[in-house]
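Here the structure comes first, spelled out in structure tokens, and everything after it is commentary.
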Amino acid sequence: MIDLRNVCFYYPESTKSALKDINVKINKGEVILICGESGCGKTTITRLINGLIPYFYKGTFSGEVLINGVDVCENSIYETSKKVGSVFQNPRSQFFNLDTTSELAFGAENMGLEAEEIKQRINKTISDFQIYDLVDRDIFLLSGGEKQKIACASVSVLNPDIIVLDEPTSNLDVFAIDDIRILIENWKKLGKTVIIAEHRLYFLRGVADRILYMNKGCLEKIYTASEFEVLSQQETENMGLRTLSFQRLIANTNSLRINNSEIIFTDFYHRYKRNKNLALNINRLAVPEGAIIAVFGQNGAGKSTFARCLCGLEKNFKGKIKFQNKEFKNRQRIDKCYMVMQDVNHQLFTESVMDEISLSQKQSNEGQVGKIMRSLDLEDFKDLHPMSLSGGQKQRVAIASAIASERDIIVFDEPTSGLDLHHMYQVATDLQQLSDMGKTLFIVSHDLEFIFKCCNYYIHIEKGEIRDSGYLDTSGSEKVLSYFSSALKL
């Protein structure tokens, strides 16, 4: 059905080949996982299949990409879109409407289908995906997982034979990730060909038929599902891949340090204008100063609200924090805290990576900026515009800015979105160094692998309230593992 023959591709701004002599056939109805470290060529393959290369992303191309015997490069992107549907890492990048039902109809309307046909397709998709609760909703009020479901459903309404997903789970909690797995299984039952480029692998066990392992632009090996699943944790780590199972993970209890000093939160109450219920309802919370604190819970639980209130970013918030023997009100915390947002595009301002990192420094120090860039593999990009980088590279620039800020409290909202194993480990090492310097770090994350790698304390938030908190010792890590494992309905 899909045939890539001797495919090579160079992006215009790069001297390195994004793809080198790729040859692979994908059969109708297969679920294919494409994995490998950042920059290995995963996303480039998806762009070739859905026609974004060469019509949107330019470069030097050779070889053939055939879908049902027709070369994608000889077809218009409009014609290709009838056969290939795409779901991107950030669903907001493919939304065109304000409400969910209009979004479901949008693609079919653009194809010129009759109104009755569109209604029938929407109703069938709602039934197939069991998303009755998402009909006629304001898109801006949906959680990350709900937005991704709507993006997937919008593609299904078009009824393409092939569906391509590029890191669809990077911003989702484990419950929403399991919902995406169920959606993929539904597509598989309907006979769709599904191609997924992903760093997170555990949720595709038992779903993917074959695994394409990419390395530096080359298709290094093709695994069957059974061959891939028997790889040991050490083998997958050597390949630069994330874990295949939560049960293989072990918390880094060696990093535990009992600190008698505490950061005490009081009166952390917050309600958004359009909401009747409290988004945050914390009377008192004490955490160890200098710890690396994981903050987790389902999408919409109040984690990001907690982070914004902590940093003094919510107006009219009255909660207080006491640390270093001083009490800090809302506005006073802005100078003590630094936040790396989940969508880092909101905090990239300058014309170059080096300037972006320097911007957060109180006093300019090029030597320190250079050291930080080297630690996060950013030195080759120092003169590039931050907005020209990939999602994972932007994430690392924002993390580098936080490190350079030298604030006492640093909050990271999903810092591993789009990061492969290697760069996730690099970020974990940098955070540990910040903790050793006496900084207190709050890591809002759905990434259990990252949490176990660097965190030594945890806060579990649900419905704006503290469900549990404690050190990530043997007992604590068992509780956290149980929470994450409960989401996998395998």
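Side-chain atoms are counted along with the backbone in the values below, which use heavy atoms only and exclude waters and symmetry mates.
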Answer yes or no: is there a side-chain heavy-atom contact under 4.5 Å between His423 and His199? no
Verify, without hydrogens or angle tests, whether Asn97 (side chain) and Asp99 (backbone) share a donor-acceptor contact under 3.5 angstrom. no
Measuring only between side-chain heavy atoms, which start at C-beta, is Glu289 closer than 4.5 Å to Gln324? yes
Could you check whether Thr350 and Glu356, counting side-chain N and O atoms only, form a donor-acceptor pair closer than 3.5 Å? yes
Check for a donor-acceptor pair, side chain of Thr429 on one end and backbone N or O of Tyr425 on the other, with a separation under 3.5 Å. yes
Are the side chains of Thr416 and Arg242 in touch, meaning some heavy atoms are under 4.5 Å apart? yes
Could you walk me through whether Thr243 and Gln233 pass the side-chain hydrogen bond (donor to acceptor under 3.5 Å, both in side chains) test, one step at a time? CA-CA 7 Å; Thr243 188; Gln233 182 80 353; 3.1 Å; yes
Is the closest side-chain heavy-atom distance between Leu481 and Phe452 below 4.5 Å? yes
Look up atom CD1 in Ile293 and atom OH in Tyr471, then write down how far apart they are to the nearest 0.5 Å. 9.0 Å
Going by side chain to side chain donor-acceptor pair (under 3.5 Å), Glu406 matches just one of Lys439, Lys362, Gln361, Gln368. Which one? Gln368
Under the side chain to side chain contact (heavy atoms under 4.5 Å, CB included) criterion, do Ile184 and Lys192 qualify, and how do the steps go? CA-CA 9 Å; Ile184 295 170; Lys192 305 296 183 184; over 6 Å; no
Should the ring pair Phe306 and Phe268 be called parallel, tilted or perpendicular, given that the plane angle runs from 0 to 90° and is split at 30 and 60? tilted
Take Phe175 and Tyr483, measure what ring-ring contact (aromatic ring centres under 6.0 Å, His included) needs, and give me the verdict at the end. CA-CA 10 Å; Phe175 292 91; Tyr483 165 80; 5.7 Å; yes
Passes side chain to side chain contact (heavy atoms under 4.5 Å, CB included), Phe412 versus Val427? Steps please. CA-CA 11 Å; Phe412 298 87; Val427 171; over 6 Å; no
Looking only at atom types and distance, does a side-chain atom of Lys303 sit under 3.5 Å from a main-chain N or O of Gly297, one as donor and one as acceptor? yes
With heavy-atom distances below 4.5 Å as the criterion, would you say the side chains of Val397 and Phe381 are in contact? no
Looking only at side chains, do Asp166 and Thr46 share a donor and an acceptor under 3.5 Å apart? no
One should read off an interatomic distance between Asp335 CG and Gln332 CD, to the nearest 0.5 angstrom, of 9.0 Å
With the side chain counted from C-beta on, respond yes when Leu448 and Val174 share a heavy-atom pair under 4.5 Å apart, and no when they do not. no
Tell me whether the count of non-hydrogen atoms from other residues, nucleotides or ligands lying under 6.0 Å of NZ in Lys188 goes above 12. yes
Over 60° means perpendicular and under 30° means parallel, so tell me whether Phe442 and Phe265 are parallel, tilted or perpendicular. perpendicular
Spell out, as yes or no, whether a donor-acceptor pair under 3.5 Å connects the side chain of Thr100 to the backbone of Leu134. yes
Test: Lys189 and Glu185 ion pair at under 4.0 Å: no
Output yes when a side-chain donor or acceptor of Ser154 lies under 3.5 Å from a complementary backbone atom of Ile150, and no otherwise. yes
Check: Phe246 and Arg248 side chains under 4.5 Å, non-hydrogen atoms: no
Check this for me, if you would: do Glu30 and Arg210 make a salt bridge, where the nitrogen-to-carboxylate-oxygen distance has to be below 4.0 angstrom? yes
Indicate yes or no: at least one non-hydrogen side-chain atom of Asp430 is less than 4.5 angstrom from one of Ile399. no
Assign the ring pair Phe296 / Phe484 to parallel, tilted or perpendicular, where the plane angle (0 to 90°) is split at 30° and 60°. tilted
Atom NZ of residue position Lys336 - does it have more than 12 heavy atoms of other residues, nucleotides or ligands inside 6.0 Å? yes
Evaluate side chain to side chain contact (heavy atoms under 4.5 Å, CB included) for Leu165 paired with Trp187, printing each intermediate quantity in order. CA-CA 12 Å; Leu165 301 98; Trp187 280 326; 4.0 Å; yes
Quiz question: by atom type and distance under 3.5 Å, do the side chains of Glu465 and Asn281 form a donor-acceptor pair? yes
Tightest non-hydrogen contact, residues Val369 and Ser358, listed as CG2-OG, 3.6 Å
Do we see a donor-acceptor contact under 3.5 Å between the side chains of Glu198 and Thr169? yes
